[in-house]
Amino acid sequence: MHAQVLLAYLPVARLEHMVSDSSKRRASQNLFHACMRRVLRPLEAAGAGGVEMKSGDGLVRRCHPILAVYAGDHPEQCLVTCIKTTECPKGAPSGSLGENVPCHARDIDDILEALEVYDPLEKPREYAAWCNGIGIKPVLNPFWKFLPYANIYQSITPDVLHQLHQGMTKHLISWLQSTFGTLELDHRSRCLPLNHNVRHFSKGISGFSRISGKEHAEICKILLGLIIGLPLPDNHSSDKLLRAVRGMLDFLYLAQLPSHTDETLNNMSTALDAFHANKSIFVELKIRDDFNFPKLHSLLHYTSSIRLFGTTDNYNTEHSERLHIDLAKDAYSATNRKDELPQMVAWLERKEAIAHFDDLIRWRLGGRLPPPKNTPPSNRHTRIQIARYPTASMTFDNICRDYGASNFRAALSNFLVHYVNPQELPSESQDAVPRFNPGFTPLPVFQKVKIRIKDPQGRPEADDTLDVVHARRQSKARSGRKLSARFDTVLVNTSPDSGPDERGSIQGEPRTLGEPRTLGEPRTLGEPRTL
Ligand SMILES: [Zn+2]
C-alpha cells in the first residue's frame, strides 16, 4: 500500500584495508552513523522549525516531523543506541536481563550532555574513555545527537518477528523438546485430528532444517495441547511448566492484538508475570542455567511501547524484511550486476513514478472514494454456508450405517417437533418424539459446513475467520484412492446469555451436535466466542 518509502541504501563496506577487527568494527559503526545523519539531515531543521504539510482532509498544518520510532532487530538496535549486544538497548545492564523488574530507559539528556565533554576529533582517547564510563560505545557522532526532540532510547520498539516468533517461541519449543523428547512431541503432533485453521504436522514438528516465523506461529497453536498430561522426568510436577508455557503463549497472542485497551495491556503483564513466576522449572529440569538473554528482557517493554506508539504491527520488522525483497533484492536482480547502485536507484524511481501515475489514473477514472463508513460492530458476526446441492440422498438406515449416526432419527424428530411447536414444553415434546414420523425419505446429506466469522471489531481491512466442519464418510476418489472418513467435533453453546465471564472463560452449557435440541437453535451460532 506504499505506506513506507525507501530513502536510501546504506553501504556494506568490508574495509579490507584495515588489519585489526576492532578498528573495522569501530569504523563501520562510524560509517553507519555518518550515513544515517546524512539521510535524516532534513529532519534537523524541519523538526525544530516546523514545515507545512497537507493532511488527508485537505487542510494544511504546521508540523514538526521528528524521529519517533526506530524499528530493527537486536543487533541493529545496539548499533543505533551505541550499546553492547549483551545489554538492553534501552538501559538494563547485562547480567540482569532474566529478571522481571521494570527497566527504565537511559536519560537521553544525560547522554547528550556527556557526549559534549570531549571533542572526539581533538581528544579521541579521552572521548573513548569518557564514553566507556557512561556505558556507550565511542561512536564519533551518533546520528540522533543532532535530531530535535529525538530520544533514541525511547524510540527503540518491540519486534514481534525476532523477539517473539523467532525468539521466545523458538526457545520455548526447544526447551519443551529437551524436556519431553522430540519423539514424543512429534508423535503427539501427528496424532492430532485435522482442523481447518490448524496446520497438521504429519511428519512431526522437529524435522525442519530451518523454521520460519510463520511455522513457529503454527506450532504455537498446538504447543500447549502437545504437552498437557505428559509426565515430567524425576517426578517433577508439571503445574509450573504448564503455567510458564501458557503465560508465554498468552503474551504472544495478546502482543499481536490489532487494538488494545487498559484491560488487554494488563492481561499482557499478567501473562508475562505468570511466565516469570514459573520459569524456574526449566532450571530445575537442568535445561537452562539462567534466563539472562535480551529477547526475554525485551518483553518487559511491550506495554509501554504500545501506549506510546500504538499496536505492535506498526513497527514489526516483518514488513521491512518483506520490503528488503521488493526494494533491494528485486532491484538488484533488475541490473546487469555492474555498477549496480545507479541502476537500482533508477529502477526504484521508475517503479514509484508508475505507482503514483497508476493512483492518479484510478482516482480520475473512479472519482473520489467514498469516506470509510464508521459502522458500529453488528451482532451478526457469523455466516454459515453449505453447498447448493447435497452430496447424496440417503435413507435413515444408510445414514446410520455410513456415518455412524445411530441417534440421528431421534435427533431429527426432536428438532422437527420443536421447530413446529417452539412453545411446547420439553417434557411434552419428549413424549411426542417416539411417536413422530418425519414422513419423508431419502434425506439430502451435506458433508461440509463453512462458518465465516466477521472481525468482531468491524475493521474493514480485517479478513473473515473461516472455519470448516466436516462430516465425511469413507469413500473412493475418481483415481481409486481411498478417502478416509472425517468427522469434526463441534461444541455449541445454547445458553441465550452466553459469553465470556470476567475471567475470560466461556459460560453456558456445552452440548455436542449429537444431542437433541441443539440443532434447533442456530441463533446461538451467532456468538463467535461461544464456538
Ligand atoms: Zn530494558
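Read the numbers this way: they start at 1 and go in the same order the structure lists the ligands and their atoms. Counting from 1, the numbers follow the sequence of the chain as shown.
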Closest non-hydrogen atom pair between Gly47 and Tyr149, with its separation: O-CE1, 3.6 Å

Which atom of Lys240 lies closest to which atom of Ser280, heavy atoms considered: NZ-OG, 2.9 Å

Pair Phe293 + His171: ring centers closer than 6.0 Å: yes

Ring geometry between Phe201 and Phe208 (parallel below 30°, tilted from 30 to 60°, perpendicular above 60°): perpendicular

Protein N, O or S atoms under 2.8 Å from the Zn ion (ligand 1): 4

Pair Tyr332, Gln343: side-chain N/O donor-acceptor within cut-off below 3.5 Å: no

Ser96: side-chain contact (heavy atoms from CB on, under 4.5 Å) partners, not counting sequence neighbours: Ala92, Pro93, Glu99

